[in-house]
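Everything on this sheet refers to the single structure shown next.
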Amino acid sequence: MTLFAIYTRQFAAPAAIPEKFSWLAFLLPPVFALVHGLWLPLIAYIVAVIALGFAASVLGGAATFWLYILFALWIGFAAPGLRRHALTHRGWTHHGDLVAAAPDLATLSWLESK
């Protein structure tokens, strides 16, 4: 079971954001950012990767690799918060949290309780 944050917007289907580690955000951060419309985090990611590229000559290849892995791991854990923040910024309203096995079940449970 997973905890889901339920967001709604007028004339739109509710969104259920899972509070769990995102493998897509860990393995492919730019793809995750593009899929969810997270433009500012995408720009921050690109700047951080460029900075790691420049720091590689000073830090060494192995240290740069492990710093990138730690950065990607952080993105994987921060992904739900980034999505929630983006929805709130776009005018979506947080209506609470539900525990469910899947996002569609969380949405259905919220709609039934409404």
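Partners of W66 according to the side chain to side chain contact (heavy atoms under 4.5 Å, CB included) rule, which considers only residues two or more places apart in sequence or in another chain, are I69. Residues satisfying the side chain to side chain donor-acceptor pair (under 3.5 Å) test with H85, not counting sequence neighbours, are none. In this view, T8 and H95 satisfy the side chain to side chain donor-acceptor pair (under 3.5 Å) rule, not counting sequence neighbours. Remark: A102 engages D104, L105 in a side chain to side chain contact (heavy atoms under 4.5 Å, CB included) (not counting sequence neighbours).
Taking all atoms of both residues into account, the shortest heavy-atom contact from D97 to A5 is OD1-CA, 3.3 Å.
Remark: Y7 OH to L87 CG distance equals 6.5 Å, nearest 0.5 Å. Residue T64 holds its OG1 atom at 6.5 Å from CG of L52, rounded to the nearest 0.5 Å. Rounded to the nearest 0.5 Å, atoms CH2 (W110) and CD1 (I6) are 8.0 Å apart.
L108 forms part of no hydrophobic cluster, judged by ILVMFWY side-chain heavy-atom separations under 4.5 Å. Residues M1, V99 make up the rest of the hydrophobic cluster containing L3, defined by ILVMFWY side-chain heavy atoms closer than 4.5 Å, directly or through other members.
Screening residues 56-75 for salt bridge (Lys or Arg N to Asp or Glu O under 4.0 Å) gives no qualifying pairs among residues at least two apart or on separate chains. Applying the salt bridge (Lys or Arg N to Asp or Glu O under 4.0 Å) definition to pairs two or more places apart or across chains, none involves residues 56-76. Residues in residues 23-48 take part in no salt bridge (Lys or Arg N to Asp or Glu O under 4.0 Å) pair, two or more places apart or across chains. Applying the salt bridge (Lys or Arg N to Asp or Glu O under 4.0 Å) rule to pairs touching residues 44-62 yields nothing, sequence neighbours excluded.
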Run the side-chain donor-acceptor check on residues 26-51: report pairs under 3.5 Å with partners two or more places apart or on a different chain.
residue: H36; atom: ND1; partner: R83; partner atom: NE; Å: 3.4
residue: Y45; atom: OH; partner: Y68; partner atom: OH; Å: 2.9

List the atom pairs, donor and acceptor, that lie under 3.5 Å between side-chain atoms in residues 11-21 and the rest of the protein, sequence neighbours left out.
residue: E19; atom: OE1; partner: R84; partner atom: NH1; Å: 3.1
residue: E19; atom: OE2; partner: R84; partner atom: NH1; Å: 2.3

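Under the 4.5 Å side-chain contact rule for hydrophobic residues, I75 and L67 share a cluster.
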